[in-house]
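Each remark here refers to the structure printed beneath this line.
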Amino acid sequence: QVQLVESGGGLVQPGGSLSLSCAASGSIFSINAMGWYRQAPGKQRELVASITKGGSTNYADSVKGRFTISRDSAPKTVYLQMNSLKPEDTAVYYCYAKVIPTTSLLSGDYWGQGTQVAVSS
């Protein structure tokens, strides 16, 4: 009943920019936090950036100064602006949300299906 849908992935050259978005829909009572994780081939899934309901942000050291996470006022859509992209940023990026659904009123973790980001010349 809760769905996260990512968009904006694609192929970009090193040094380029890309913007991702994730829209949450369904029976949502509240969203306490949203964020982005990524998983590269042969690697474990890692946190890229997150933002809480109160606006606090957290970034992986590898993306600080290059990526910016933001969220709509709604707030059911989260964005990730990625600048100065590097080949090592290549991964499947997954949207994450900590959601209290209307069906349970208990917080749970929800994930999108992922969107591919490839940084290559």
Side-chain angles (χ1 to χ4, degrees):
Q1 295 183 7
V2 177
Q3 186 178 17
L4 304 178
V5 180
E6 304 100 333
S7 64
L11 176 65
V12 65
Q13 293 186 337
S17 298
L18 202 63
S19 182
L20 306 180
S21 65
C22 173
S25 62
S27 302
I28 298 172
F29 178 77
S30 178
I31 299 178
N32 293 330
M34 298 187 76
W36 294 92
Y37 286 71
R38 68 185 181 187
Q39 187 167 23
K43 303 284 187 179
Q44 296 187 90
R45 188 174 298 187
E46 63 175 353
L47 174 69
V48 178
S50 64
I51 184 167
T52 67
K53 190 175 184 178
S56 298
T57 58
N58 185 42
Y59 295 92
D61 289 340
S62 60
V63 306
K64 287 181 179 178
R66 300 188 297 121
F67 292 8
T68 302
I69 189 169
S70 61
R71 191 173 69 181
D72 280 353
S73 298
K76 293 183 178 180
T77 303
V78 67
Y79 305 90
L80 185 68
Q81 178 63 49
M82 304 183 291
N83 299 323
S84 302
L85 284 162
K86 305 174 181 179
E88 49 264 45
D89 294 318
T90 296
V92 176
Y93 284 69
Y94 296 90
C95 180
Y96 160 83
K98 186 175 290 293
V99 177
I100 299 178
T102 57
T103 54
S104 70
L105 299 181
L106 297 175
S107 179
D109 297 333
Y110 293 85
W111 297 87
Q113 291 298 114
T115 184
Q116 178 69 57
V117 172
V119 184
S120 176
S121 60

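All values below were derived from every heavy atom in this structure, side-chain atoms included, with hydrogens, water molecules and symmetry-related copies excluded.
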Audit row: Lys64, Asp61, salt bridge (Lys or Arg N to Asp or Glu O under 4.0 Å) steps and yes/no: CA-CA 5 Å; Lys64 287 181 179 178; Asp61 289 340; 3.1 Å; yes
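- Residues Ser25 and Val5 have side chains not in contact (no heavy-atom distance under 4.5 Å, counting atoms from C-beta outward).
- One finds the OG atom of Ser120 at 12.5 Å from the CG atom of Asp89 (value rounded to the nearest 0.5 Å).
- For the residue pair Gly114 and Val92, the shortest heavy atom distance occurs at CA-CG1, 3.8 Å.
- Atom CG in Leu47 sits 5.5 Å away from atom CG in Asn58 (nearest 0.5 Å).
- When every heavy atom of Ser84 is checked against every heavy atom of Ser17, the shortest pair comes out as N-OG, 4.4 Å.
- Around CD of Gln116, the count of heavy atoms belonging to other residues, nucleotides or ligands within 6.0 Å exceeds 12.
- Taking the six-membered ring for Trp and the full ring otherwise, Tyr37 and Trp111 have centroids separated by under 6.0 Å.
- With rounding to the nearest 0.5 angstrom, the CD atom of Gln44 is 14.0 Å from the CZ atom of Arg38.
- Between Ser30 and Lys53, some side-chain heavy-atom pair lies under the 4.5 Å cut-off.
- Here the OG-CD1 distance, from Ser56 to Ile51, works out to 8.0 Å after rounding to the nearest 0.5 Å.
- Tyr94 and Phe67 fall into different hydrophobic clusters, where Ile, Leu, Val, Met, Phe, Trp and Tyr are joined by side-chain heavy atoms under 4.5 Å apart, directly or via other members.
- For the atom pair Ser107 OG and Ile31 CD1, the distance stands at 11.0 Å (nearest 0.5 Å).
- Side-chain contact between Met34 and Lys76 is absent, with no heavy-atom pair separated by less than 4.5 Å.
- The closest side-chain donor-acceptor pair between Lys98 and Thr52, if any, does not fall under 3.5 angstrom.
- Few gaps surround CD on Gln39; more than 12 heavy atoms of other groups in view lie less than 6.0 Å from it.
- Side-chain contact between Leu80 and Tyr93: present, with at least one pair of heavy atoms (C-beta onward) separated by less than 4.5 Å.
- When hydrophobic clusters are built by joining Ile, Leu, Val, Met, Phe, Trp and Tyr residues whose side-chain heavy atoms come closer than 4.5 Å, directly or via intermediates, Val2 is grouped together with Val78.
- Put simply, the side chain of Val119 reaches to within 4.5 Å of the side chain of Val117, judged on heavy atoms.
- Of all non-hydrogen atoms in Ala24 and Leu4, the two that sit nearest each other are CB-CD2, 3.4 Å.
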Can you check side-chain contact (heavy atoms from CB on, under 4.5 Å) on Tyr96 and Asp109, steps first, answer last? CA-CA 7 Å; Tyr96 160 83; Asp109 297 333; 2.9 Å; yes
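- Within the model, atoms OG1 of Thr68 and OH of Tyr59 stand 4.5 Å from one another, a figure rounded to the nearest 0.5 Å.
- Side-chain atoms of Ser21 and Ser7 include a donor-acceptor pair closer than 3.5 Å.
- Contact of the Cys95 side chain with the Trp36 side chain is registered, since non-hydrogen atoms from C-beta on lie closer than 4.5 Å.
- Using a 4.5 Å heavy-atom threshold, the side chains of Leu20 and Gln81 count as separate.
- Asn32 places a side-chain heavy atom less than 4.5 Å from the side chain of Ile100.
- Transitive grouping of hydrophobic side chains (ILVMFWY, heavy atoms separated by less than 4.5 Å) brings Val12 and Met82 into a common cluster.
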